[in-house]
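Structure record follows, encoded as structure tokens.
The figures that follow rest on heavy atoms only: side chains count, while hydrogens, waters and symmetry mates do not.
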Protein chains: 2
Amino acid sequence: MTLNGLSKADQAHQHVLKGITSGQYKPGDRLVLSSIANELGMSVVPVREAIRRLQTDNLVTFERNVGATVTGIDPIEYQYTMETLALVEGYSTALCAPLVTAQTLTKARGINQQMRELLNEEFAPELFTELNEKFHLALFEHHPNPHILDLVHRGWNRLAALRSTTFTFVPSRAPDSVVEHDELLDLIADGAEFLVIEAAARNHRLNAMHAYLDHHAKANPKSF
Amino acid sequence: MTLNGLSKADQAHQHVLKGITSGQYKPGDRLVLSSIANELGMSVVPVREAIRRLQTDNLVTFERNVGATVTGIDPIEYQYTMETLALVEGYSTALCAPLVTAQTLTKARGINQQMRELLNEEFAPELFTELNEKFHLALFEHHPNPHILDLVHRGWNRLAALRSTTFTFVPSRAPDSVVEHDELLDLIADGAEFLVIEAAARNHRLNAMHAYLDHHAKANPKSF
DNA sequence: TTCGGTAAGATCGTATACGATCTGTACTAA
DNA sequence: TTAGTACAGATCGTATACGATCTTACCGAA
């Protein structure tokens, strides 16, 4: 119970969330309440609650009397998520820019350097994506609006669930991304205007989206 | 059951949501599972699920082993919500602008005219707020990104819950709002640039926020 | 008086049980 | 063969029951 201070419902929520973002549960997989309950050694009631919570975040699709499935990968859904993320990340970056300390700036440059080095080796999309989130999270250190920060995290979770991290499908996008990161840091260091930083950060994400969509359009020319 | 095609959990969700947005349940009110279950003639299980869903939307605050309360009114929370709303409403307005038909534009002008007429009579904040949402919703008719539209609705629900609709506390803001609406419509009709429309719509909301915060600072000079 | 502890009431957290609904399959009739 | 039906299995939806936890009020000791 108080083993870790978490209710069983919370445990179930974390378990399934981790399962989805880690790829253990893949898009389209069914999430059967009783099975998960057995896995975790609890009854279905807390599991049910956890699943419904994930539904609110659009991580699972729930059909009455049928069951839950991990929300499927779908270019349209991907586009919705990326656009939303561009919006909230862009604004967050601009909002946090004046609050970024020199120390944080150094840390961010270090992370981006790690990313740059990754480009030379055998490219590892997973690791690259992880560093990418770390980079942006560092810039959001002193976020003045927790609601918006929460939306950023929800977007990231959703992307992880979709497994269509841009870098997985369009690795050629990675070098551009690193360059844009540096540009972003320069703007912040120079104390650029709010709207300038916002536009840069927003476009940073939108560029990734368009790279993926172009890629997808070429791969599936039939689907209009 | 299939009385209306809704599960009991959904019924409970709608009931409590309506109770909160309508003001029947006021901020700080306790939401006791068993009481609500009795009211609705069902067991606590569906009610519990409904409450947890509302928690995800920050409409209720849930404390372990203690219970749920309607999220309280708090200038900080208000600020968070308004800022988030400014962000998503502003972007939505710009995104939808090219899709707004002449017919919709006329409808929006009609709604704004109703609002203008309200200014002369005994001012009714509730009605004014309702028309205000109708106005903006009309502009979002063909919203290309349902995720973002969803965020707008969540923000509206939250504001309704907080009952600190700006117009209730700062009625003097209402005339400015009507003027800004007209300016917004002109921009849309003229096919103004994306960023111009976005900035106008965003500031429209932010102005309301600042009007309230100024008002509050004057009323409570001690709490900085 | 005041502090600490204990017991009672209220409420939540979860397990279990069972009815409701969906899905797929096998069987029958045309 | 094929369409339709009926049955069985799987899974969800909800009610009920009970243990866990919090809050409060009361009481005794310093």
Do any N or O atoms of the protein come closer than 3.5 Å to N or O atoms of nucleotides 15-19 of chain D, and which pairs are they?
residue: D:dA15; atom: OP1; partner: B:K8; partner atom: NZ; Å: 3.1
residue: D:dA15; atom: OP1; partner: B:S43; partner atom: N; Å: 3.4
residue: D:dA15; atom: OP2; partner: B:S43; partner atom: N; Å: 2.6
residue: D:dA15; atom: OP2; partner: B:S43; partner atom: OG; Å: 2.5

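In this structure, NE2 of B:H13 is placed 16 Å from P of D:dG13, rounded to the nearest angstrom. Rounded to whole Å, the distance from CD1 on A:I36 to P on D:dA10 is 18 Å. In this entry the distance linking CG of A:L33 with C1' of D:dA10 reads 12 Å, nearest Å. Here D:dT23 presents its P atom at 13 Å from CZ of B:R64, a figure rounded to the nearest Å. Between the CG atom of A:N38 and the C1' atom of D:dT11 there is a distance of 13 Å, rounded to whole Å. B:L6 places its CG atom 10 Å from the P atom of D:dT14, with the value rounded to the nearest Å.
For A:V32, the side-chain atoms get nearest to D:dC12 when compared with the rest of C:dG13, D:dC12, D:dC22. In the set C:dT14, D:dC22, D:dT11, the nucleotide with an atom closest to the side chain of B:N65 is D:dC22.
A salt bridge links B:R202 with A:E198: the closest approach of a Lys/Arg side-chain nitrogen to an acidic carboxylate oxygen falls below 4.0 angstrom.
Looking only at atom types and distance, the side chain of A:T166 has no donor-acceptor partner in the side chain of A:R173 under 3.5 Å away. Remark: the A:E49 side chain and the A:H13 side chain contain no N/O donor-acceptor pair separated by less than 3.5 Å. In the model, B:N38 has no side-chain atom that pairs as donor or acceptor with a side-chain atom of B:S35 under 3.5 Å.
Summarising the geometry of A:I20 relative to A:L59, their closest heavy-atom pair is CD1-O, 4.2 Å, with the distance given to 0.1 Å.
Both A:E49 and A:E63 lie close to DNA chain C; mapped to their nearest nucleotides by heavy-atom distance, the more 5′-ward contact belongs to A:E49.
A:I51 comes within contact range of no nucleotide atom at all, as no heavy-atom separation falls under 4.0 Å.
Remark: aromatic rings of A:F194 and A:Y91 are close, center separation under 6.0 Å.
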